[in-house]
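Treat the numbers as computed from the prediction; the structure is a model and nothing was measured.
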Amino acid sequence: MILGIESSCDDSSVALINSKNLELIYHKKISQELEHSVYGGVVPELAARLHTQALPALLNDIKPYFKQIKAIAVTNEPGLSVSLISGVSMAKSLSIALDVPLIAVNHLVGHIYSLFLNSEISIPIGILLVSGGHTLVLNIDKDGCIEILAQTSDDSFGESFDKVAKMMGLGYPGGAIISHLAQSASDKEKFKFSIPLRGDKRLEYSFSGLKNAARLAIEAQGENLQANKANIAYAFEQTACAHIMDKLKLIFKEQNFKHFGVVGGASANPILRRNISELCKDFDCKLTLAPLEFCSDNALMIARAGREKFLRKETLNHKELDISPKSRNLKL
């Protein structure tokens with residue numbers, strides 16, 4: 001079995017898979033959303049403290065499987081340093097105690113493998129990765145080399161939802177809250193936000209201007225804000241998704257993808273999923289979506305990515321494994 005450990009941000013998760021047939025043996029995640037919602041976003045020190053409580057509790061569940069574990073895959077980049085340390089420290093201790101090797105997994109690569117949790121990976125493939133920390137369009141060639149085609153120059157897609165939700169006092173995380181609220185918009189034409197970089201040929205994303213436009217609209221409402229929250233949420237969601245699609249259309253014309261995947265916590269957005277499905281149909285491209293249950297951070301995708309490295313014998317000992325808040329090894 002391969003043990004996966006994920007603690008890159010505010011979710012503590014552990015998973016066990018069979019390395020031969022990819023059978024899921026165990027998976028559980030403890031979310032910190034309730035604790036961080038009070039602050040409208042993730043507080044690193046609080047996240048670290050909660051990881052030290054949650055991870056040992058999860059580990060206790062899999063004690064009966066200890067003797068069957070052949071390697072430990074753990075997220076070591078990118079992420080919050082204080083959160084990464086929690087998972088990596090536990091992985092190192094287990095590695096020594098069980099006398100098994102470690103596997104360093106890039107969190108973003110883990111998200112790519114969320115498309116292939118119970119099947120072998122299918123490449124070449126184009127990828128849209130949208131989360132609270134990242135907005136990337138990737139091209140993975142037949143040899144598994146990853147090329148970044150586009151990325152955000154400021155806020156990420158998911159982060160912009162979180163910040164707009166915080167401005168309206170809606171709680172955290174903001175993605176699902178904004179999307180749900182938008183469905184009850186009474187006047188869908190009341191607010192109009194400009195699509196960022198519309199007409200600009202640069203393959204780049206930027207959400208700071210849109211976030212600021214939403215802020216100005218919110219502040220201008222005064223006592224009418226409560227009545228217009230849903231209308232603002234609708235306009236914001238539609239514009240944010242239109243921005244993603246605007247650049248994706250340019251990329252599709254250049255790349256001629258035959259297979260495309262959408263991953264990351266923010267990929268659960270129903271408007272985005274529907275728009276990308278239509279885009280793939282227009283370009284006769286096969287679309288693969290990560291299961292909704294495993295769009296957000298989870299240890300199953302880490303174990304799945306680790307399994308590939310285990311088969312290639314890309315393992316480390318406890319002295320060789322370190323952490324990095326930034327992505328250093330973006331490769332399958």
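Side-chain atoms of Q53 do not come within 3.5 Å of backbone N or O of L50 as any donor-acceptor pair. Distance alone, capped at 3.5 Å, places no donor-acceptor pair between the H318 side chain and the S93 backbone. Within the 3.5 Å criterion, the main-chain N or O of L321 finds a donor-acceptor partner in the side chain of K92. Side-chain N or O atoms of K229 include none that pairs as donor or acceptor with a backbone N or O of I218 at under 3.5 Å. A donor-acceptor contact shorter than 3.5 Å is absent between the side chain of K190 and the backbone of N228. Judged by distance alone, the side chain of Q32 and the main-chain N or O of A47 form a donor-acceptor pair under 3.5 Å. Put simply, the side chain of Q221 gets close to the backbone of A217: a donor and an acceptor are under 3.5 Å apart. A donor-acceptor pair under 3.5 Å is formed between the side chain of R273 and the backbone N or O of S267. Side-chain atoms of S7 do not come within 3.5 Å of backbone N or O of S12 as any donor-acceptor pair. Side-chain atoms of S156 come within 3.5 Å of backbone N or O of G132 as a donor-acceptor pair.
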Could you list the donor-acceptor pairs under 3.5 angstrom formed by side chains in residues 287-299, with sequence neighbours left out?
residue: T288; atom: OG1; partner: H259; partner atom: NE2; Å: 2.7
residue: S296; atom: OG; partner: K29; partner atom: NZ; Å: 2.8
residue: D297; atom: OD1; partner: H107; partner atom: NE2; Å: 3.0
residue: D297; atom: OD1; partner: H111; partner atom: NE2; Å: 3.2
residue: N298; atom: OD1; partner: L300; partner atom: N; Å: 3.1
residue: N298; atom: OD1; partner: M301; partner atom: N; Å: 2.9
residue: N298; atom: ND2; partner: F294; partner atom: O; Å: 3.2
residue: N298; atom: ND2; partner: S296; partner atom: O; Å: 2.8

Give every donor-acceptor pair under 3.5 Å between a side-chain atom in residues 94-103 and any protein atom, sequence neighbours left out.
residue: S95; atom: OG; partner: V100; partner atom: O; Å: 2.6

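Rounded to the nearest 0.5 Å, atoms CD (E254) and CG (N139) are 11.0 Å apart. The CG atom of L225 sits 11.0 Å away from atom CG of N231, with the distance rounded to the nearest 0.5 Å. L136 CG to L149 CG: the interatomic distance, rounded to the nearest 0.5 Å, is 10.0 Å. Between atom CG of residue L216 and atom CE of residue M167 there is a gap of 9.0 Å, rounded to the nearest 0.5 Å. Put simply, OG1 on T135 and CD on E204 are 11.5 Å apart, with the number rounded to the nearest 0.5 Å. With rounding to the nearest 0.5 Å, the separation of CD1 in I123 from CG in L332 is 6.0 Å.
Under 4.0 Å is where a charged nitrogen must lie from a carboxylate oxygen, and between R215 and E219 at least one such pair does. A salt bridge links E120 to R307: one of the charged nitrogens lies within less than 4.0 Å of a carboxylate oxygen.
Of all heavy-atom pairs between I127 and I140, the closest is CG1-CD1, 4.0 Å. Counting all heavy atoms, side chain and backbone alike, L170 lies closest to L181 at CD1-CD2, 3.8 Å. When all heavy atoms of G175 and D162 are compared, the closest pair comes out as N-OD1, 3.8 Å. Taking both residues in full, the closest heavy atoms of C241 and N269 are given as SG-OD1, 3.5 Å, listed atom of the first, atom of the second, then distance. Shortest non-hydrogen contact noted between A73 and G306 is CB-CA, 3.8 Å. Taking all atoms of both residues into account, the shortest heavy-atom contact from L115 to V263 is CG-CG1, 3.4 Å.
L59 has its side chain out of reach of V14: every pair of non-hydrogen atoms, C-beta onward, lies at least 4.5 Å apart. Counting heavy atoms from C-beta on, the side chains of L272 and M245 come closer than 4.5 Å.
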### From CA spacing to verdict: side chain to side chain contact (heavy atoms under 4.5 Å, CB included), N76, L84
CA-CA 6 Å; N76 74 318; L84 290 168; 5.6 Å; no

- Item | From CA spacing to verdict: side chain to side chain contact (heavy atoms under 4.5 Å, CB included), L248, N275 | CA-CA 11 Å; L248 266 188; N275 290 344; over 6 Å; no

Audit row: C280, F257, side chain to side chain contact (heavy atoms under 4.5 Å, CB included) steps and yes/no = CA-CA 9 Å; C280 287; F257 292 126; over 6 Å; no

| field | Pair S184-Y234, side chain to side chain contact (heavy atoms under 4.5 Å, CB included): steps then yes or no | value | CA-CA 8 Å; S184 61; Y234 176 84; over 6 Å; no

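For F283 and F260, the gap between ring centers reaches or exceeds 6.0 Å. With ring centers used as reference points, F193 lies 6.0 Å or more from F236.
With Y205 as the partner, the side-chain contact (heavy atoms from CB on, under 4.5 Å) test is satisfied by one option alone out of L197, D246, I244: I244.
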